[in-house]
**Student:** 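This is the structure I want to talk about, given as structure tokens.
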Amino acid sequence: MVEIDPTEHDIADLGPEVNSVDDIDELEAMLALEEEGNDRPPVKTLIESRIETLVDEDEELDPENVDLTELTIADIANMVRDIDDADIVRDLVERENDGKERKGALTQLESRIESIEGTGDVEGEELEYVPPEQQYPGLDHPTADKQYVEGLSDERYRDMWVYCETQQGKLIDVSKEMLGKARELMDDYNETYGGDEDGTPEDVVAVIIGENADELADQAVAYGADRVVYHVDDRLSRFRHKPYTEIYCHLCRDWEQEWRNYHEPRYNIFPATNNGRDLSALVQGELDSGLASDCSDLYIEEAMISNPAKTGNPGNSKEFERVLHMPRPDFSGFEYSTILCIDKPFRDFHPQGASVIPGTFDLPEPDHDRDGSIVEHDIELPADWFQIDVIDHDQLEAGVDLTGHEVVVAMGRGIDRVDPTEGLELGVELTDQFEDAGFGLSRGVITASYDFGGHVEQYVSEERQIGESGQAVEPNLYIAAGISGAIQHKVGMDESETIIAINTDPEADIREFSDYFIEGDLFEVLPTLIDALDAGEFQPVLAEASGD
């Protein structure tokens, strides 16, 4: 017996139910029941689409037999990442040359061969260390130019540190999300590597700074921290650049504690909020390391590197362990880049640092029975760290939170096809048709210089932005009207259960990750959907409009 009999459900209720099933046999049984019973085309399409999605996820590419002409360049890059046999990759190069002969694909394949074997050049001599003051005698001091900063080599690093941002005396959700992800990463890390280089398990260290930081320490432990270090000061009720940066760096580098028997943390993680972005850049710059900002994922694994600037020996590849991989949308808006922060001879790049887009990771369930160590950081804060005083401020009574709604309607720059004000009015009206829905916008609408009229102007604010630099949402239903689907927007909504996209461009990027794509003008489609919802016939009209 199947758990979900589609013949017993209305079409409108089946989307989330079907998308929650991960068993292909179960789905095929559901499909058979529907065919024998109501035989509704939209329902069959929904189930078949879910089966196709699961088949694609389960299908492992065989590099020796795969048809390269059916793969994208990104597919090829992902496939060869774990191949360690250069001859297999050479065969792929030959097949690509005989097929589409795409420059990007060949670059990925040749780069993998180089990572496995090295550049193929004559092996050079190992680099010889020359102190910066000798190599650049014209400098007044070795650190006068950041390019020539000398970092410590082969120092001791441990632990993943998480900066837990607070607002109104509470941990914000992204702080909890990062603690949960850090816990997952370090559990896997300790299992994979057996702990640090001496075999001692490494920890998740939460850092809390503020006037009531001590009151939040137990909560940080419940969300995954092994150790919490906090600094309490009444003057730190609001984020302030100088003291927050100095405190965090002192904790990382100069604070003498028995448990902190290492030079600096191995990893530093910050939230990609307004304050988190500021603090992450200031801290990582002060610690002479790198930062990958606005990350949409994190994972730790090995990295094979052939760049002689990193290996110290031209022609040789070197495998670096314990590398934090930090994927983020690139500046084009259509691809992801994975940032690595790798040491080089005579120069350590630690802590490896990242800021994380809020909503990227699941909000974990707190475990109030967890044990953890709580340590107070207590140093005198000089008065000149507080040269600027906030003498007055306004505070919004409530912000716009789109993350808890069952439905989210989002509007993009397609609203300017006829009239931006009318476009937003349609979006708001569609939102109002649902019992629990939120109204969001793409960055293109926020940054455009549209002249909105009427009541809709109140809906145009950065608080409603969805995407990399806005909110990340995971509703049961996401309706995107007039949104092209750039990566920056995708990272904010692609975990939605069901995605409906409306766009006049059949080649719009959002089509690739939508469950339903309606090729049409939002000014014509939205009124139809509004009328259908009002009549209780949304699903059939949707299926007809999308061609499914």
**Student:** Can you see which heavy atom on Ala303 is nearest to which on Val323, and at what distance?
**Tutor:**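 Scanning both residues completely, I find the closest heavy atoms to be CB-CG2, 4.3 Å.
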
**Student:** For side chain to side chain contact (heavy atoms under 4.5 Å, CB included), just list the numbers for Phe517 and Glu519, CA-CA rounded to whole Å, side-chain angles, deciding distance to a tenth of an Å, and then say yes or no.
**Tutor:** CA-CA 6 Å; Phe517 182 83; Glu519 183 183 341; 4.0 Å; yes

**Student:** Would you sort out whether Tyr516 and Thr498 count as a side chain to side chain contact (heavy atoms under 4.5 Å, CB included), showing the intermediate values?
**Tutor:** CA-CA 8 Å; Tyr516 295 92; Thr498 301; 4.0 Å; yes

**Student:** Can you tell me how far apart OG1 (Thr421) and CD (Glu425) are? Round to the nearest 0.5 Å.
**Tutor:**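 Interatomic distance, Thr421 OG1 to Glu425 CD, rounded to 0.5 Å: 6.5 Å.
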
**Student:** Can you confirm whether more than 12 heavy atoms, excluding those of Asn274, are under 6.0 Å from its CG atom?
**Tutor:**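 For Asn274, atom CG is not crowded (no more than 12 foreign heavy atoms under 6.0 Å).
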
**Student:** Among all residues two or more places apart in sequence or in another chain, which pass the side-chain contact (heavy atoms from CB on, under 4.5 Å) test with Glu512?
**Tutor:**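 Once residues adjacent in sequence are excluded, Glu512 has no partner under the side-chain contact (heavy atoms from CB on, under 4.5 Å) criterion.
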
**Student:** Could you measure the distance from the CG atom of Leu441 to the CE atom of Met411? Nearest 0.5 Å is fine.
**Tutor:**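 The CE atom of Met411 is 8.5 Å from CG of Leu441, to the nearest 0.5 Å.
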
**Student:** Does Tyr230 have any side chain to side chain donor-acceptor pair (under 3.5 Å) partners at least two apart in sequence or in another chain, and if so, which?
**Tutor:**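 Scan of Tyr230 (side chain to side chain donor-acceptor pair (under 3.5 Å), adjacent residues dropped) gives none.
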
**Student:** Classify the ring geometry between His489 and Tyr478 as parallel (under 30°), tilted (30 to 60°) or perpendicular (over 60°).
**Tutor:**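 The arrangement is tilted - the two ring planes meet at 30° to 60°.
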
**Student:** Looking at Leu68, is its backbone amide N or carbonyl O close enough to the side chain of Arg95 to form a donor-acceptor pair, meaning the two atoms are under 3.5 Å apart?
**Tutor:**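 No, because the side chain of Arg95 does not come within donor-acceptor range (under 3.5 Å) of the backbone of Leu68.
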
**Student:** Short question: side chain of Lys100, backbone of Thr69 - any donor-acceptor pair under 3.5 Å?
**Tutor:**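 Flag set: sc Lys100 to bb Thr69 pair under 3.5 Å.
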
**Student:** Taking atom CD of Glu463 and atom CD1 of Ile446, what is their separation to the nearest 0.5 Å?
**Tutor:**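 The distance works out to 10.0 Å.
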
**Student:** Looking at residues at least two apart in the chain, or sitting in another chain, which of them share a side-chain contact (heavy atoms from CB on, under 4.5 Å) with Glu495?
**Tutor:**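 Result, side-chain contact (heavy atoms from CB on, under 4.5 Å) vs Glu495: Glu474.
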
**Student:** Glu96: which residues meet the salt bridge (Lys or Arg N to Asp or Glu O under 4.0 Å) condition with it, sequence neighbours left out?
**Tutor:**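 Expected list: Arg102.
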
**Student:** Run the salt bridge (Lys or Arg N to Asp or Glu O under 4.0 Å) test against Arg277 and tell me which residues pass, sequence neighbours left out.
**Tutor:**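 Arg277 satisfies salt bridge (Lys or Arg N to Asp or Glu O under 4.0 Å) with Asp294 once adjacent residues are dropped.
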
**Student:** To the nearest 0.5 Å, how far apart are SG in Cys164 and CG in Leu216?
**Tutor:**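 Cys164 SG to Leu216 CG: 9.0 Å, rounded to 0.5 Å.
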
**Student:** Using every non-hydrogen atom in the two residues, find where Cys295 and Thr360 come nearest and quote the distance to one decimal.
**Tutor:**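 That would be O-OG1, 3.8 Å.
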
**Student:** Does Pro351 offer a backbone N or O that forms a donor-acceptor pair with the side chain of Ser289 under 3.5 Å?
**Tutor:**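 Yes, because the side chain of Ser289 sits within donor-acceptor range (under 3.5 Å) of the backbone of Pro351.
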
**Student:** Test of understanding: with side chain to side chain donor-acceptor pair (under 3.5 Å), list the residues that count as partners of Tyr244, not counting sequence neighbours.
**Tutor:**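 Here no residue qualifies.
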
**Student:** Donor-acceptor pair, distance only, cut-off 3.5 Å: does the side chain of Glu211 make one with the backbone of Arg235?
**Tutor:**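 No, the answer is negative, given that no donor and acceptor are paired below the 3.5 Å cut-off.
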
**Student:** Got a second to check how far Ser442's OG is from Gln465's CD, nearest 0.5 Å?
**Tutor:**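 The CD atom of Gln465 is 8.0 Å from OG of Ser442, to the nearest 0.5 Å.
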
**Student:** If I compare all heavy atoms of His368 with all of Ala222, which pair ends up nearest, and what's the gap?
**Tutor:**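 For His368 and Ala222, the tightest heavy-atom pair comes out as ND1-CB, 3.7 Å.
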
**Student:** Which pair of heavy atoms, one from Pro364 and one from Gly180, lies closest together, and at what distance?
**Tutor:**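 The answer is CG-CA, 3.8 Å.
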
**Student:** For residues 175-187, which residue pairs qualify under side-chain hydrogen bond (donor to acceptor under 3.5 Å, both in side chains), counting only residues two or more places apart or in two chains?
**Tutor:**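 Those involving residues 175-187 are Lys181-Glu184, Arg183-Asp187, Arg183-Asp226.
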
**Student:** If you count every heavy atom of other residues, nucleotides or ligands that lies below 6.0 Å from Lys170 atom NZ, does the total exceed 12?
**Tutor:**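 It does not: Lys170 NZ has 12 such atoms or fewer within range.
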
**Student:** By side-chain contact (heavy atoms from CB on, under 4.5 Å), which residues pair with Thr447, not counting sequence neighbours?
**Tutor:**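 In terms of side-chain contact (heavy atoms from CB on, under 4.5 Å), with neighbours along the sequence ignored, Thr447 is linked to Arg443.
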
**Student:** Quick one: OG1 on Thr528 to CG on Leu430, what's the gap to the nearest 0.5 Å?
**Tutor:**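 Spacing of OG1 (Thr528) from CG (Leu430) equals 11.0 Å.
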
**Student:** Check whether Thr273 reaches the backbone of Gly276 with its side chain - one donor and one acceptor, N or O, closer than 3.5 Å.
**Tutor:**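 The answer is yes, because a donor-acceptor pair under 3.5 Å joins these two groups.
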
**Student:** What pair of heavy atoms forms the shortest contact from Ile172 to Thr166, and how long is it?
**Tutor:**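 Heavy atoms of Ile172 and Thr166 come nearest at CG2-C, 4.2 Å.
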
**Student:** Just jot down the salt bridge (Lys or Arg N to Asp or Glu O under 4.0 Å) partners of Lys242, sequence neighbours excluded, or say none.
**Tutor:**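 With neighbours one apart ignored, the set is Glu246.
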
**Student:** With side chain to side chain contact (heavy atoms under 4.5 Å, CB included) as the criterion, how do Met326 and Leu340 come out once you've worked through the C-alpha distance, each side chain's angles and the decisive distance to 0.1 Å?
**Tutor:** CA-CA 7 Å; Met326 301 170 280; Leu340 309 179; 5.8 Å; no

**Student:** Side chain of Asn212, backbone of Gly169: donor and acceptor closer than 3.5 Å?
**Tutor:**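 Yes: the side chain of Asn212 pairs with the backbone of Gly169.
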
**Student:** Distance alone, cut at 3.5 Å: any donor-acceptor contact between the side chains of Tyr248 and Asn268?
**Tutor:**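 There is such a pair between these side chains.
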
**Student:** Just jot down the salt bridge (Lys or Arg N to Asp or Glu O under 4.0 Å) partners of Asp39, sequence neighbours excluded, or say none.
**Tutor:**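 Partners of Asp39 by the salt bridge (Lys or Arg N to Asp or Glu O under 4.0 Å) criterion, ordered by chain and then number, come out as Lys44.
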
**Student:** More than 12 foreign heavy atoms under 6.0 Å from CD of Glu457: is that the case here?
**Tutor:**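 No, because the 6.0 Å sphere around CD of Glu457 holds 12 heavy atoms or fewer from other groups.
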
**Student:** Just by modelled atom types, is the Ser293 backbone N or O under 3.5 Å from a matching donor or acceptor in the Arg328 side chain?
**Tutor:**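 Present.
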
**Student:** Taking only residues two or more places apart in sequence or in another chain, which ones pass side chain to side chain donor-acceptor pair (under 3.5 Å) with Tyr163?
**Tutor:**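 Here no residue qualifies.
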
**Student:** When you measure from the side chain of Asp436 to the backbone of Glu406, do you find a donor-acceptor pair of N or O atoms at a distance under 3.5 Å?
**Tutor:**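 Looks like yes, one N/O pair under 3.5 Å.
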
**Student:** If you count every heavy atom of other residues, nucleotides or ligands that lies below 6.0 Å from Glu435 atom CD, does the total exceed 12?
**Tutor:**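 Atom CD in Glu435 is not crowded, with 12 or fewer foreign heavy atoms closer than 6.0 Å.
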
**Student:** Could you report the tightest heavy-atom contact between Leu522 and Ile415, atom names first, then the distance?
**Tutor:**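 Heavy atoms of Leu522 and Ile415 come nearest at CD2-N, 4.0 Å.
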
**Student:** Taking only residues two or more places apart in sequence or in another chain, which ones pass side-chain contact (heavy atoms from CB on, under 4.5 Å) with Asn38?
**Tutor:**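 Asn38: side-chain contact (heavy atoms from CB on, under 4.5 Å) contacts with Thr7, Glu34, Arg40.
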
